[in-house]
Amino acid sequence: DFRKDPTSGQILAELRSKLLCPAPADSPVYERLLREKAAGKKIIFCYSRLLYDLSLRTADGGSGHANMEDWLRHSIQIAAENKDIFLVIKPHPHEEEPEFAALPVEKLQDILPALPDNVLLLHPRELKTPQLLGLVDMVALWLGTAISELTALGVPVVVCSYAGITDTPFDVKTFKDREDYAHMLRTASCPAPTQEEQDMAIPEPSLDERIMLAEQKERLMQIWSSLP
């Protein structure tokens, strides 16, 4: 199993950390997150979706919210009333990629209220998910593939929409109602995924993918052996 092979894992972890996703250099946002973390605040992210991509204003919401806008506004309200958390709202990166989003006329910032000083709206392309490891205490998501990505990385994740729960091919953490979500956000009390849950979040590769991964492993071994 390529995913569990310790040699492959060591190679990939080394290459990813050094080449693919190093800590951001000269990033005021990243530096602020470090300061807020050092001050003892809980760092919580909310990952959103493209507005037109999920029928935002339909009745297909979640157990505590009518739709994504209601969820985000509720999250901001909770943060405003609890200064010991620092809430970061991450728009979908395709907001800034016209080849995917076809230049959307409505962006996330257009539906949000004024933000308190402990809530930050990121630029859509600012900070990659692996750069949050060690900083973020919990991530709340509406729906999307980031649920699997974050779970596989061991990040505590709470899924906030019915669609996010049903579209994810493994059991996810969620909440009973609006007040239950508020408590979870105030306390950053979503538990981290177990190792079994992390493994389930990584899809089993197909035969073609196994062949490709074996070839990649051989090339990586060659690169690894050539490094000083």
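What's counted below: heavy atoms across the whole structure, side chains too, no hydrogens, waters or symmetry copies.
- Between Pro91 and Leu121 the shortest heavy-atom distance is CG-CD1, 3.8 Å.
- Here Glu31 does not pair with Arg35 in a salt bridge; the nearest charged N to carboxylate O distance is not below 4.0 Å.
- Residues Val172 and Ile147 meet the side-chain proximity criterion, which asks for heavy atoms closer than 4.5 Å.
- Between Arg186 and Asp84, no side-chain nitrogen of the basic residue sits less than 4.0 Å from a carboxylate oxygen of the acidic one, so the salt-bridge criterion is not met.
- Counting heavy atoms from C-beta outward, Leu87 and Lys42 have side chains that stay 4.5 Å or more apart.
- A 4.5 Å side-chain heavy-atom check between Val155 and Leu132 finds every atom pair outside the cut-off.
- Summarising the geometry, atom OH belonging to Tyr47 is positioned 13.0 Å from atom CD1 belonging to Ile89; distances are rounded to the nearest 0.5 Å.
- Of all heavy-atom pairs between Val158 and Thr174, the closest is CG2-CA, 3.9 Å.
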Q. Could you go step by step and tell me if Tyr181 and Ile78 meet the side-chain contact (heavy atoms from CB on, under 4.5 Å) rule?
A. CA-CA 10 Å; Tyr181 173 72; Ile78 296 166; 4.0 Å; yes

Q | Candidate pair Trp142 and Cys46, rule side-chain contact (heavy atoms from CB on, under 4.5 Å), full reasoning | A | CA-CA 8 Å; Trp142 193 244; Cys46 286; over 6 Å; no

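- The shortest heavy-atom contact between Leu127 and Lys90 is O-NZ, 2.8 Å.
- Note that the OG atom of Ser148 and the CD atom of Gln198 stand 12.5 Å from one another [nearest 0.5 Å].
- Note: Met184 CE to Lys176 NZ = 9.5 Å, rounded to the nearest 0.5 Å.
- With hydrogens and angles disregarded, a donor-acceptor distance shorter than 3.5 Å links the side chain of Arg73 to the backbone of Ile111.
- Between the Lys37 side chain and the Leu135 main chain, a donor and an acceptor come within less than 3.5 Å of each other.
- Taken from CE in Met138 to OG in Ser189, the straight-line distance is 7.0 Å, to the nearest 0.5 Å.
- Side-chain atoms of Asp180 never come within 3.5 Å of backbone atoms of Asp177 as a donor-acceptor pair (strictly under, hydrogens ignored).
- Nearest heavy atoms, Gly164 versus Leu143: CA-CB, 3.6 Å.
- In this structure, His74 and His65 have tilted ring planes: the angle between them lies in the 30° to 60° band.
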Q) Step by step, would you call Leu72 with Ser48 a side-chain contact (heavy atoms from CB on, under 4.5 Å)? A) CA-CA 8 Å; Leu72 287 170; Ser48 72; 4.3 Å; yes

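- Of the inter-residue distances, the one linking Glu149 atom CD with Leu141 atom CG reads 10.0 Å to the nearest 0.5 angstrom.
- Shortest non-hydrogen contact noted between Val119 and Ala79 is CG2-CB, 3.6 Å.
- Formation of a donor-acceptor pair under 3.5 Å by the Glu36 side chain with backbone atoms of Leu33 is not found in this model.
- Annotation: Lys83, atom NZ; neighbour count of heavy atoms from other residues, nucleotides and ligands within 6.0 Å is above 12.
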Q. How far apart are the C-alpha atoms of Leu120 and Val29, what are their side-chain angles, what is the distance that settles it, and do they pass the side-chain contact (heavy atoms from CB on, under 4.5 Å) test?
A. CA-CA 9 Å; Leu120 176 67; Val29 169; 3.9 Å; yes

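- The pair Asp137-Lys41 does not count as a salt bridge, with every side-chain nitrogen at least 4.0 angstrom from each carboxylate oxygen.
- More than 12 heavy atoms of other shown residues, nucleotides or ligands fall within 6.0 angstrom of atom NZ in Lys173.
- The structure places OG1 of Thr151 at 10.5 Å from CE of Met200, a figure rounded to the nearest 0.5 Å.
- No side-chain donor-acceptor contact under 3.5 Å links Asn82 to the backbone of Ile85.
- The side-chain heavy atoms of Val136 and Ile44, taken from C-beta on, include no pair separated by under 4.5 Å.
- The minimum heavy-atom distance linking Cys190 with Pro156 is given by the pair O-CB, 3.3 Å.
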